[in-house]
Amino acid sequence: MEGVNIKTFLAHLERIDRSLLALMSKFRMEEKEGRIFLYTEDKTLKETVERFLKERFGDGFKDRVLVRLEGLEAEKAQEKRETESEGLNKRYSFSNFIVGEGNRLAYEVAYEVAQNPGKIYNPLFIYGGVGLGKTHLLQAIGNACAERGYRVVYKSANDFSEDMVEAIKVGKVKEFRNTYRNIDLLLLDDVQFLSGKNRTQIEFFNIFNHMFLNEKQIVLASDRHPKELKDISDRLISRFEGGVVVEVCMDELTKLEIIKRKLCELKIEVQDRIVESLMKHTSDNVRDIEGTLRGIKLKGVEHLKKNTVSSSSLEKIKLYTAVHFGIKPEELVGSSRSRKVNRARHIAFYLCRKLTDASLIEIARAFNRSDHSTVIYGIKKIEEERRKDRKLNYIISFLEKHIGERL
Ligand code: ADP
Ligand code: MG
């Protein structure tokens with residue numbers, strides 16, 4: 001049985017076993033990579049033929065003639081459907097989403113939607129701040145459904161819009177529309193970017209209605225509640241609100257859980273002290289938390305302080321300094337040149353430099369200053385005055401201690 005193909009295989013059977021040959025008509029046969037696959041839905045037939053083949057050809061046939069249940073065929077079809085889905089990233093699943101108070105409801109509703117797409121919560125609208133897991137949940141729904149054979153499209157509203165503009169340009173609007181008529185789930189991310197794009201909104205409105213009427217699931221994510229969306233038509237907003245609207249937010253316990261689980265996933269062992277420090281020095285944005293943890297993995301814990309101290313600490317320094325001087329934090333980053341505000345701003349620059357590892361450029365950016373020479377000037381001024389002015393010296397010492405303890 002060298003150089004096996006269907007023709008030589010059948011000719012061989014004809015010579016050695018005609019009854020076995022007769023059974024072959026019950027199989028769908030395929031040649032692949034020098035092997036023959038026999039497909040059937042009948043388990044008994046499969047086993048019988050496997051036995052016959054073994055008797056006739058010994059164990060050696062296994063490598064060359066394989067009998068498969070059509071069930072596996074079904075799986076193949078399933079795989080094909082999975083590849084028919086678009087924009088999914090397998091990295092995101094329900095099982096690797098960490099659930100806490102702030103995101104429990106969103107998680108549960110998303111999970112339900114994945115179990116019964118189009119049936120219960122349609123549309124589902126998830127909103128919340130940056131890096132809190134909205135895209136993760138959309139993708140988790142998409143992956144769970146694609147695995148079960150649903151056709152899924154995940155798209156950011158921006159890409160949706162660009163695709164549409166392109167379709168118009170090349171005269172393929174019909175094809176564009178058809179894509180969405182043939183899918184089971186549409187996951188549209190960052191819908192705030194539909195803002196002001198009237199043509200896209202009209203097109204999306206039609207797709208939305210078509211899908212909705214056909215009980216196809218729509219899931220939307222946005223950085224804000226539908227009511228807060230700007231320059232999006234009222235009829236779309238009312239569609240967005242027509243199903244379930246859930247928020248994702250962050251709380252201390254969820255954050256702690258996320259930090260611990262991610263440390264574990266990255267196989268980083270650290271003392272509780274470091275976990276505490278991570279809690280304090282990272283923002284609520286899970287993407288930033290992940291970045292910081294990867295930094296630790298790469299460069300060790302020593303790297304932690306430098307990397308994490310910056311953004312949230314700068315915010316705190318701004319806040320405490322503003323409170324101390326009885327002004328608003330926005331005034332510190334604004335353009336006011338009043339003596340009071342200017343002085344407070346310079347002191348805040350000075351404190352940022354003293355209490356964190358932020359670079360001058362980072363400080364300038366945090367205060368909305370395009371040029372860091374302003375920061376250098378402010379810091380120098382305070383350094384000088386501090387030496388001469390005892391009252392100022394006292395205030396700064398106090399702030400250093402007071403704020404330093406809270407970073
Ligand atoms: P958003 O879309 O809300 O801006 P993402 O879903 O992109 O945020 O999340 C940013 C990163 O943080 C992703 O890598 C995501 O996997 C991760 N992430 C966010 N929330 C969670 C969570 N609750 N559990 C696990 N990972 C999370
Ligand atoms: Mg996102």
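Atoms within each ligand, like the ligands themselves, are counted from 1 in listed order. Predicted model, so just to flag it, every value in this text is computed and none were measured.
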Would you please classify the geometry between the F398 ring and the H324 ring as parallel, tilted or perpendicular, with 30° and 60° separating the classes?
tilted
Which protein residues have a heavy atom under 4.0 Å from ligand 1?
R91, Y92, N96, F97, I98, N103, G129, V130, G131, L132, G133, K134, T135, H136, I258, K262, V286, R287, E290
Could I get the full list of salt bridge (Lys or Arg N to Asp or Glu O under 4.0 Å) partners for R287, not counting sequence neighbours?
none
Examine R345 relative to F367 and say whether NZ or CZ is less than 6.0 Å from the centre of the six-membered ring and inside a 45° cone about the ring axis.
no
Got a sec, which pairs hit ring-ring contact (aromatic ring centres under 6.0 Å, His included) with one end in residues 230-264, sequence neighbours left out?
F125-F240
Ring centres under 6.0 Å, that's the criterion: do F208 and Y180 meet it?
no
If you measure only the distance, is there a donor-acceptor pair under 3.5 Å linking the side chains of D189 and Y154?
yes
Do E241 and R235 meet the salt-bridge criterion of a basic N to acidic O distance under 4.0 Å?
no
Would you say the side-chain atoms of R51 pair up with the backbone N or O of K46, donor to acceptor, closer than 3.5 Å?
no
Over 12 foreign heavy atoms within 6.0 Å of CD, E405:
yes
The protein N, O or S atoms lying under 2.8 Å from the Mg ion (ligand 2) are T135 OG1
